[in-house]
**Student:** 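What follows is a structure written as C-alpha cells; I'll ask about it next.
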There are 2 protein chains.
Amino acid sequence: MSSKDTPAIRQTKGGVQSVERAFGLLECIANSSGSATLSHIAADVSLPLPTIHRLLNTLVNLGVVRQLPDRGYALGPGLVRLGNLAGSQLGQFARPYLRDLVSELGESANVATMDGDMVVYVDQVASQRQMRMFTEVGRRAHMHDTGVGKAMLAGLDAEQVRHIVTTAGMPTPTEFSIGSISALEAELERIRERGYAIDEQEQELGVRCFAMAIPDAPAPLAISVSGPVSRVDQTFADRAIPLLRSAAAQISVDMRGGA
Amino acid sequence: MSSKDTPAIRQTKGGVQSVERAFGLLECIANSSGSATLSHIAADVSLPLPTIHRLLNTLVNLGVVRQLPDRGYALGPGLVRLGNLAGSQLGQFARPYLRDLVSELGESANVATMDGDMVVYVDQVASQRQMRMFTEVGRRAHMHDTGVGKAMLAGLDAEQVRHIVTTAGMPTPTEFSIGSISALEAELERIRERGYAIDEQEQELGVRCFAMAIPDAPAPLAISVSGPVSRVDQTFADRAIPLLRSAAAQISVDMRGGA
DNA sequence: ATTAAATATCCGCAATACGGAAAACCAATA
DNA sequence: TATTGGTTTTCCGTATTGCGGATATTTAAT
C-alpha cells in the first residue's frame, strides 16, 4: 500500500537490468491492490517516468500486464497462464499423493516450496469438512512458524538457517510461535530426530499441522496435513505420520524418475 | 513440445528487447513440460547461448525460474505468486457488470475462476434484499455442484472433466446434486446446447442459480446470479439470461481489448 | 584416460535502452 | 469556455547496458 512496501528493485551483479526492473514493476503492481497508476508506480519504484512507461508498454504487449480504460495498469492474463503452469509443474508430482492423504485422513494437505527466505504454498487439496484450513495456493508465509517451513529448514545447515531467519525476521503471530534463533535451532534438532515437523498453533491458534520434507528434492519441498487441534491430535498423528512418510518417499522417487 | 511450438520471440517496435526475450524464454520453458535444458531452449529460441544463459541467470535470481540439480531450468515459485495475484485481479474486470446485473435483477452476482480442481469465488456484488446469497470471496467449492463450476466444465473436454471430478470427488450436499460422472456429462451437454448453466438447488436447498462462462477468457472464468427459488423462477430467467449473455460478452471483450 | 558435448565466463564493441526535456493529454477549476 | 495543474506520452542524443564471438570449464559418454 505505502511506499515502504516495495523494497526498491534488487540489482544483482551480472543480472540484466531491464529484466530485473520489469519484474520489479510486476511486484509493485501486485502489491498495490487492483490497479496502479503510472505515477503511483513511479513513487514506489524510484525510476524516471519514461523508463517505467517504456517497460510497462513492453509488458502490456507481452500480455502480462493489462492497461485498463482508466489508464491504470493491472496484472494480466499472461501471468495467470504462466503461474498456473508453474504451480502445476511444481506440484504435479505431489498432487495424487495429497489426494490420498486427504481421503485417508480427512484433513487438508499442502505442498510448499521455498522462495528466497519464505515459504510458498504450491498446491493444496482441501478436505471436505465444514471447518477446514484454507491455505491459498501462491501464498507466502514465514519459515519458522509453519510446519512445512520448519521441515525444510531442518534440511539446511545452521548457517543458512540463521541467514534466512535474520533476513526474513521472526514474527510471533501466536503465543506458541518460536521467537528466538536458539529456540528454533533446538526445535530443528528435534525435527531431525523424529523425522517430521509439528506446527503447534504457531501460526494460528487452534491449528495443528504435521509436515515432512521431500528428501532429495530438486527444489526444497515439503508436504503437510493440517486441521483444528480438536481433530488433529495424537491418535491422528499415529495414523498420519506413516502416511506422510511413505508419500514423501514416493514423491521423491517420482520426481527423479519421471523426468 | 517440439521445436515448432515456440514461434521465436516477438520483437515489437518500441519494446525493450531483453524483457521480450526473457518472457520468450519463460514461454519456452512453460511449453517444454517440466524442465528444459539450456541447449534445448537455444534450439527453440534462436539466440546465442551466452545471451540465453545471462537472461536465465537473471530470472533465476528473481525467483521466477529455478535451476534443477541436473542443470535444467523450470518455472519457479515466484511465478506462482504473481499468477495467483493476477488471477484474483482478473475478477475486477467483471465488477462493473456484476453491479449492473444486481441493480437490474435484484439478486446477488458472482465471478468465479478455477483453481486446480475447485471453484474459487473471485468477486461478488450482493443484492440489497434481506434474504440473499452470501458467497464469500475466496471461498472454494466443488465444480460439479455449482452453476459457475458446471459452466466452466462445459468448456473443457471430457477427459479433463473426468480428471477433475475424480481428483476433487463428487459429494452430494443435497438430494438434487449430481452424483455420477455420466449424469454430469449429460448435464454438461445440455449446458453446451442452451449456452448457460443452472444450479437447481444442487449446492444448497432453496437456492437456484444461473451461470455462464466468459468466452475466450485467459483463465477459466464464469459469472452467475443466484437467489431463492421463490424469486429466481422462469420469468426471472427470461430476463436474466440475455443480460448474463451480454455481460459475459462484454467482459470477454474488455479483458482482451483494453490495449 | 580420452573425447565430445554440454554449460559457464570473459571482454571489447556498438546497439540498446536510458532518461532529460518538452509536447500532448486529461481533469479539475474559474 | 478558457485556464491551470497534474498527468501520461513521445522525441532523441548519449553512454550505459547488454550483446555475442571466442574461450575456458564442467559434465557426460566411451
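Naming convention: chains lettered A, B, ... in sequence-line order (proteins, then strands); numbering from 1 in each chain.
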**Student:** Round to a whole Å and report the spacing from CD of B:E20 to P of D:dG18.
**Tutor:** 15 Å
**Student:** Quick one: do the A:D117 and A:T167 side chains pair a donor with an acceptor below 3.5 Å?
**Tutor:** yes
**Student:** To the nearest angstrom, how far is B:L47 atom CG from C:dA8 atom C1'?
**Tutor:** 17 Å
**Student:** If you check every side-chain atom of A:R71, which of D:dC19, C:dA21, D:dT8 has the closest atom?
**Tutor:** D:dT8
**Student:** Respond yes when some side-chain nitrogen or oxygen of A:R21 is under 4.0 Å from OP1 or OP2 of C:dC18, and no when none is.
**Tutor:** yes
**Student:** CG of B:L38 versus C1' of C:dT9: gap in Å, rounded?
**Tutor:** 13 Å
**Student:** Given atom CD of B:Q67 and atom P of C:dA6, what is their separation to the nearest angstrom?
**Tutor:** 16 Å
**Student:** Which value, in whole Å, describes the distance between the P atoms of nucleotides D:dT23 and D:dT27?
**Tutor:** 23 Å
**Student:** Rounded to whole Å, how long is the line connecting atom CG of B:N57 with atom C1' of D:dG18?
**Tutor:** 14 Å
**Student:** Could you work out which one of D:dG20, D:dT7, C:dA17 sits closest to the side chain of A:T37?
**Tutor:** D:dT7
**Student:** Take the protein atom NE2 of B:H40 and the nucleotide atom P of C:dA5, then report the distance between them rounded to whole Å.
**Tutor:** 18 Å
**Student:** Both A:P48 and B:L49 contact DNA chain C. Taking the nearest nucleotide for each, which residue is further toward the 5' end?
**Tutor:** B:L49
**Student:** Reading DNA chain D from 5' onward, which residue's closest nucleotide shows up sooner: A:V19 or A:Y73?
**Tutor:** A:Y73
**Student:** Determine the contact category for A:T51: base if any of its heavy atoms lies under 4.0 Å from a base atom, sugar-phosphate if only primed atoms, P, OP1 or OP2 are that close, otherwise nothing.
**Tutor:** base
**Student:** For D:dG6 and A:S39 - does any side-chain N or O of the residue sit under 4.0 Å from the phosphate oxygens OP1/OP2?
**Tutor:** no
**Student:** Using only side-chain N and O atoms of B:Q17, determine if any of them is under 4.0 Å from OP1 or OP2 of D:dC19.
**Tutor:** yes
**Student:** Taking the side chain from A:S252 and the backbone from A:I214, do they hold a donor-acceptor pair closer than 3.5 Å?
**Tutor:** no
**Student:** Take the protein atom CG of A:L55 and the nucleotide atom C1' of C:dA17, then report the distance between them rounded to whole Å.
**Tutor:** 9 Å
**Student:** Does A:R54 contact C:dG19 through a side-chain donor or acceptor facing the base, at a distance under 3.5 Å?
**Tutor:** yes
**Student:** Using a 4.5 Å cut-off on heavy atoms from C-beta on, say whether the side chain of A:M118 contacts that of A:M143.
**Tutor:** no
**Student:** With a 4.5 Å heavy-atom cut-off, do A:M114 and A:I164 have their side chains touching?
**Tutor:** yes
**Student:** Answer yes when A:E187 and A:R190 have at least one side-chain N-carboxylate O distance shorter than 4.0 Å, and no when they do not.
**Tutor:** yes
**Student:** Using heavy-atom distances to pick each residue's nearest nucleotide on DNA chain D, tell me which of A:H53 and A:S18 is more 5'.
**Tutor:** A:H53
